[in-house]
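Just the heavy atoms: all of them, side chains too, but no hydrogens, waters or symmetry mates, feed the values below. The model shown is predicted, which means the values in this text are computed figures rather than measured ones. Quick note on labels: first sequence line is chain A, next is B, and so on, each numbered from 1.
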There are 2 protein chains.
Amino acid sequence: MGITKTQHFTEEQNELAVLAKALGHPARIAIIEHLIKVDSCICGDLVNELPLAQPTVSQHLKELKNAGLIKGNFEGASICYCLNEEGFEKIKSFITLINTYLENRKDQCC
Amino acid sequence: MGITKTQHFTEEQNELAVLAKALGHPARIAIIEHLIKVDSCICGDLVNELPLAQPTVSQHLKELKNAGLIKGNFEGASICYCLNEEGFEKIKSFITLINTYLENRKDQCC
DNA sequence: TATTTATATTGCAATATTACGATTAATTAG
DNA sequence: CTAATTAATCGTAATATTGCAATATAAATA
């Protein structure tokens with residue numbers, strides 16, 4: 001029906017999915033990569049950096065912020081964005097779990 | 001216009017986005033978690049495990065496979081699925097990059 | 001060969017996402 | 001206060017995703 005059955009999955013599963021989904025667009029990957037390069041920047045910088053219009057960039061920023069992957073601070077007329085460590089911690093834990101499993105995996109069917 | 005401007009982003013950015021997007025659904029997180037628990041399983045096992053119908057599970061498996069996060073091997077009448085290390089390597093590299101950055105970050109605006 | 005078992009595919013309805021022009025809101029500069 | 005700057009929101013079109021019933025495919029078994 002086009003609507004995710006969120007209520008049937010665990011909170012942790014839904015949380016991870018939200019975080020991964022937020023990273024599931026090249027523009028948002030590009031935003032994260034840019035923030036790594038410059039520590040922090042304002043929306044206008046990203047509009048210059050990306051091949052997208054200002055409302056579109058603003059929307060992507062909103063999604064990253066809602067997911068908990070970036071933070072925004074008012075700085076005069078503009079808003080200063082930077083990475084939010086908390087969100088990435090959760091992804092890191094999951095990837096570490098998978099990595100540990102893969103390193104110790106014996107029984108590989110494929 | 002509802003269509004991602006893939007061609008304006010780097011191949012690496014698009015690749016990462018595809019991988020993250022594939023993880024961006026709780027059912028697919030649940031599938032990955034189940035595979036970690038049991039090493040390998042067939043579609044029918046997941047149909048019993050998840051609150052979703054067989055065609056829906058099959059579709060989620062297809063997406064994970066297309067993204068390169070799982071592999072499927074014919075095993076008689078059924079297909080044996082397990083994690084694909086290659087796909088997770090790429091995500092791990094990205095998360096490690098971010099993690100290294102966050103650990104050394106001095107200038108935090110937020 | 002016919003039947004059962006396991007999974008993929010098709011088709012479709014409901015909903016979500018992507019993108020942007022136009023507009024609004026909020027702050028700064030003059 | 002007014003104009004300029006910056007970014008969010010609204011409205012909307014195009015497209016993608018989610019989910020499942022029905023069906024098709026493919027292998028194992030009787």
Side-chain angles (χ1 to χ4, degrees), chain A residues 1-9 13-14 17-31 34-35 40-67 70-82 109-110, chain B residues 1-9 13-14 17-31 40-67 70-82 109-110:
Chain A
M1 292 174 195
I3 189 162
T4 300
K5 290 182 144 187
T6 309
Q7 68 281 163
H8 294 301
F9 297 98
Q13 287 166 340
N14 283 308
V18 165
L19 288 163
K21 198 172 184 176
L23 290 176
H25 191 289
R28 296 195 287 268
I29 295 284
I31 290 174
H34 188 71
L35 283 174
S40 65
C41 72
I42 64 174
C43 178
D45 295 340
L46 291 165
V47 173
N48 293 331
E49 195 74 23
L50 301 176
L52 298 169
Q54 180 268 318
T56 310
V57 172
S58 192
Q59 196 175 281
H60 284 305
L61 285 170
K62 190 179 170 186
E63 273 166 70
L64 284 169
K65 204 168 117 194
N66 284 344
I70 65 172
K71 282 187 201 171
N73 252 19
F74 283 92
E75 191 157 289
S78 48
I79 294 171
C80 169
Y81 286 102
C82 65
C109 82
C110 316
Chain B
M1 291 173 196
I3 188 161
T4 301
K5 290 183 146 187
T6 309
Q7 68 283 160
H8 295 301
F9 297 98
Q13 286 166 342
N14 284 307
V18 165
L19 288 163
K21 197 173 183 176
L23 290 177
H25 192 288
R28 296 195 288 266
I29 294 284
I31 290 173
S40 66
C41 71
I42 64 175
C43 178
D45 294 340
L46 291 164
V47 173
N48 293 330
E49 195 74 20
L50 301 175
L52 298 168
Q54 180 268 320
T56 309
V57 173
S58 190
Q59 195 176 280
H60 282 306
L61 285 170
K62 190 180 172 185
E63 275 166 72
L64 285 169
K65 203 167 116 195
N66 285 343
I70 65 171
K71 282 187 202 173
N73 251 21
F74 283 91
E75 192 158 287
S78 49
I79 294 172
C80 170
Y81 286 102
C82 66
C109 82
C110 316

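Between A:Gln7 atom CD and D:dG19 atom C1' there is a gap of 12 Å when expressed in whole angstrom units. Following rounding to the nearest Å, A:Lys5 (NZ) and D:dC20 (C1') show an atom-to-atom distance of 9 Å. Here the C1' atom of nucleotide D:dA16 and the CG atom of B:Asn66 are 15 Å apart, to the nearest Å. Rounded to an integer number of Å, the gap from CG of A:Leu50 to P of C:dT18 is 14 Å. Look at CG on A:Leu52: it is 17 Å from P on C:dT17, rounded to the nearest Å. One can place CZ of B:Phe9 at 11 Å from C1' of C:dA19, the figure rounded to the nearest angstrom. Separating the NZ atom of B:Lys21 from the C1' atom of D:dT15 is a distance of 10 Å, rounded to the nearest angstrom.
Nearest-nucleotide assignment on DNA chain C puts the 5′-proximal partner with A:His60, out of A:Phe74 and A:His60.
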Legend entry - Summary of protein contacts for nucleotides 4-11 of chain D, nucleotide by nucleotide, where a base hit scores B, a sugar-phosphate-only hit scores S (4.0 Å, heavy atoms): --SBBB--

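Closest contact between the side chain of A:Ala53 and the listed nucleotides D:dA16, D:dG19, C:dG21 involves C:dG21.
Every stem involving DNA chain C, taken as at least 3 paired positions in a row under the Watson-Crick or G-U wobble test at 3.5 Å, is listed here: C:1-30 with D:1-30.
When the disulfide (SG to SG under 2.5 Å) test is applied to A:Cys43, no partner is found at least two apart in sequence or on another chain. A:Ile79 pairs by the side-chain contact (heavy atoms from CB on, under 4.5 Å) definition with A:Phe74, A:Tyr81, not counting sequence neighbours. Residues forming a disulfide (SG to SG under 2.5 Å) with A:Cys41 (at least two apart in sequence, or on another chain): none.
If you take CG on A:Leu61 and CD1 on A:Ile70, they are separated by 4.5 Å, rounding to the nearest 0.5 Å.
Pairs engaging residues 55-65 of chain B under the side chain to side chain donor-acceptor pair (under 3.5 Å) rule: B:Arg28-B:His60, B:Arg28-B:Glu63 [sequence neighbours left out]. Residue pairs meeting the salt bridge (charged side-chain N to carboxylate O under 4.0 Å, His left out) criterion with at least one partner in residues 42-60 of chain B, sequence neighbours excluded, are absent.
Using a 4.0 Å heavy-atom cutoff across all strands shown, B:Glu63 reaches sugar-phosphate atoms only and no base atom.
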